[in-house]
Amino acid sequence: MTIKVAPSILAADYLNLERDVKLVEDAGAEMLHIDVMDGMFVPSISYGPGWVKALRPVTKMILDVHLMVEQPERYIDTFAEAGADIIGVHVEATQHIHRALQQIKGHGKKAEVVINPGTPVSAIESVLNMVDQVLVMTVNPGFGGQKFLPETLQKIERLASLKKSLGYDFDIQIDGGANDETSAMAYKAGATVAVAGSYVYDKVDPAAKIARLKEVTTD
């Protein structure tokens, strides 16, 4: 078994996006991570549903849409219709996390709950039974190229323990500062998916970087 890799288009070449998507798909990446930012929940602004709709026909990878937006319920329907396979919502961004996850499930999509570095696992324990993936932010959200926060490993371990004891089967994804060293540590703690942006799309050899992530996380 090895970690699943989800390259983030935040670090790709936008003028050659289809090329960069096919490059990581051919290299064995299982997911494509799409960070949606509204300039409110996080300072940056990024992709709308049109990007997801455009990407859907050019790849067979799972489209993993991470909504870093206030009141994500306003956008779930649109991104589901655009072709997202997984839709992630931050517990910090909505007063109704259960309802938001139900809304995602209502479209037949996989539901993901997301927690920031300062949010404890206890904040999402009551909805773990209904999610397909938990995203642990291993940096503060909003910007690429940040360093991995090692204290988040405790949260990954806690989630892995709950997953085992309660018989759940959700994926545990990390996002932020992922490289061969930090991904190996996260995998050992219980992570099953690594979002990698700057590490993969560094203009050197994205395929080699994906291979390296899988190599260091092989049981």
Side-chain angles (χ1 to χ4, degrees), residues 4-10 21 29-42 44-57 59-117 119-138 141-142 155-156 159-160 162-163 166-176 190-195:
K4 289 178 274 191
V5 180
S8 171
I9 65 168
L10 196 63
V21 168
E30 293 86 355
M31 301 181 185
L32 193 67
H33 191 77
I34 303 167
D35 286 313
V36 177
M37 300 181 276
D38 64 355
M40 295 292 292
F41 184 69
V42 292
S44 301
I45 296 175
S46 69
Y47 328 106
W51 285 68
V52 176
K53 186 176 181 179
L55 285 165
R56 181 68 284 169
T59 180
K60 294 181 180 179
M61 284 186 291
I62 294 166
L63 296 185
D64 176 27
V65 175
H66 174 195
L67 298 181
M68 289 184 273
V69 302
E70 294 284 357
Q71 299 177 12
E73 300 92 332
R74 297 177 295 159
Y75 303 105
I76 288 169
D77 296 348
T78 306
F79 278 97
E81 291 162 5
D85 296 302
I86 301 172
I87 299 177
V89 291
H90 277 259
V91 68
E92 305 91 352
T94 175
Q95 296 181 13
H96 303 285
I97 189 61
H98 190 282
R99 182 190 299 168
L101 294 169
Q102 280 185 323
Q103 188 177 350
I104 296 166
K105 290 283 198 178
H107 285 279
K109 307 297 183 178
K110 290 187 175 183
E112 171 187 78
V113 65
V114 189
I115 53 174
N116 282 336
T119 302
V121 170
S122 59
I124 59 169
E125 284 188 31
S126 62
V127 296
L128 290 179
N129 65 309
M130 63 190 300
V131 301
D132 301 285
Q133 186 161 277
V134 177
L135 171 51
V136 177
M137 290 301 303
T138 46
K155 288 198 268 189
I156 297 167
L159 283 165
L162 287 169
K163 176 181 172 180
L166 297 173
Y168 297 153
D169 62 354
F170 53 79
D171 274 314
I172 301 173
Q173 184 180 71
I174 62 165
D175 184 0
T192 56
V193 185
V195 174

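Residue numbers start at 1 and run along the sequence shown.
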In Å, rounded to the nearest 0.5 Å, how long is the span from CG of Leu32 to OG of Ser8? 8.0 Å

side-chain contact (heavy atoms from CB on, under 4.5 Å) evaluation trace for Thr138 with Val195: CA-CA 10 Å; Thr138 46; Val195 174; over 6 Å; no

Using 0.5 Å steps for rounding, measure from the CD1 atom of Ile97 to the CD1 atom of Ile115. 11.0 Å

Donor-acceptor pair, distance only, cut-off 3.5 Å: does the side chain of Gln133 make one with the backbone of Phe170? no

Identify the residue among Asp171, Val114, Ile124, Val113 that makes a side chain to side chain contact (heavy atoms under 4.5 Å, CB included) with Val131. Val113

Rounded distance [0.5 Å steps], NZ in Lys163 versus CD1 in Ile172: 5.0 Å

Results of side-chain contact (heavy atoms from CB on, under 4.5 Å) for Glu73 - residues two or more places apart only: Gln71, Thr94, His96, Ala100, Gln103

Which heavy-atom pair separates Pro7 from Ala29 by the least distance, and what is that distance? CD-CB, 3.5 Å

According to side-chain hydrogen bond (donor to acceptor under 3.5 Å, both in side chains), who are the partners of Lys53, at least two apart in sequence or on a separate chain? none

Taking side-chain contact (heavy atoms from CB on, under 4.5 Å) as the test, write out the residues that go with Ser122, two or more places apart. Pro120, Glu125

Working for side-chain contact (heavy atoms from CB on, under 4.5 Å), residues Leu55 and Ile9: CA-CA 11 Å; Leu55 285 165; Ile9 65 168; 4.1 Å; yes

Just jot down the salt bridge (charged side-chain N to carboxylate O under 4.0 Å, His left out) partners of Lys110, sequence neighbours excluded, or say none. none

Evaluate side-chain contact (heavy atoms from CB on, under 4.5 Å) for Asp35 paired with Asp175, printing each intermediate quantity in order. CA-CA 10 Å; Asp35 286 313; Asp175 184 0; 3.9 Å; yes

My understanding is that only residues two or more places apart in sequence, or in another chain, count here; which of them pass side-chain contact (heavy atoms from CB on, under 4.5 Å) with Met40? Asp38, Glu70

Work out which heavy atom in Ala6 is nearest to a heavy atom in His33; give both atom names and the distance. O-CB, 3.8 Å

Taken in chain and number order and not counting sequence neighbours, the residues that satisfy ring pair (Phe, Tyr, Trp, His ring centres under 6.0 Å) with His90 are Phe41, His66

Would you say Lys155's side chain and Pro117's backbone share a donor-acceptor pair under 3.5 angstrom? yes

side-chain contact (heavy atoms from CB on, under 4.5 Å) between Gln173 and Asp64: does it pass, once the steps are laid out? CA-CA 11 Å; Gln173 184 180 71; Asp64 176 27; 2.8 Å; yes

Can you list everything that forms a side-chain hydrogen bond (donor to acceptor under 3.5 Å, both in side chains) with Tyr47? Sequence neighbours excluded, please. Tyr14

Which residues pass the side-chain contact (heavy atoms from CB on, under 4.5 Å) test with Ser46, not counting sequence neighbours? Met37

Holding to side-chain hydrogen bond (donor to acceptor under 3.5 Å, both in side chains), I want the full list of residues that pass it with His107, two or more places apart in sequence or in another chain. Asp77

Can you give me every donor-acceptor pair (side chain of residues 78-89, partner residue at least two apart or in another chain, under 3.5 Å) with its distance?
residue	atom	partner	partner atom	Å
Asp85	OD2	Arg56	NH1	2.6
Asp85	OD2	Leu63	N	2.8

With sequence neighbours left out, the residues meeting side-chain hydrogen bond (donor to acceptor under 3.5 Å, both in side chains) with Thr119 are Glu92

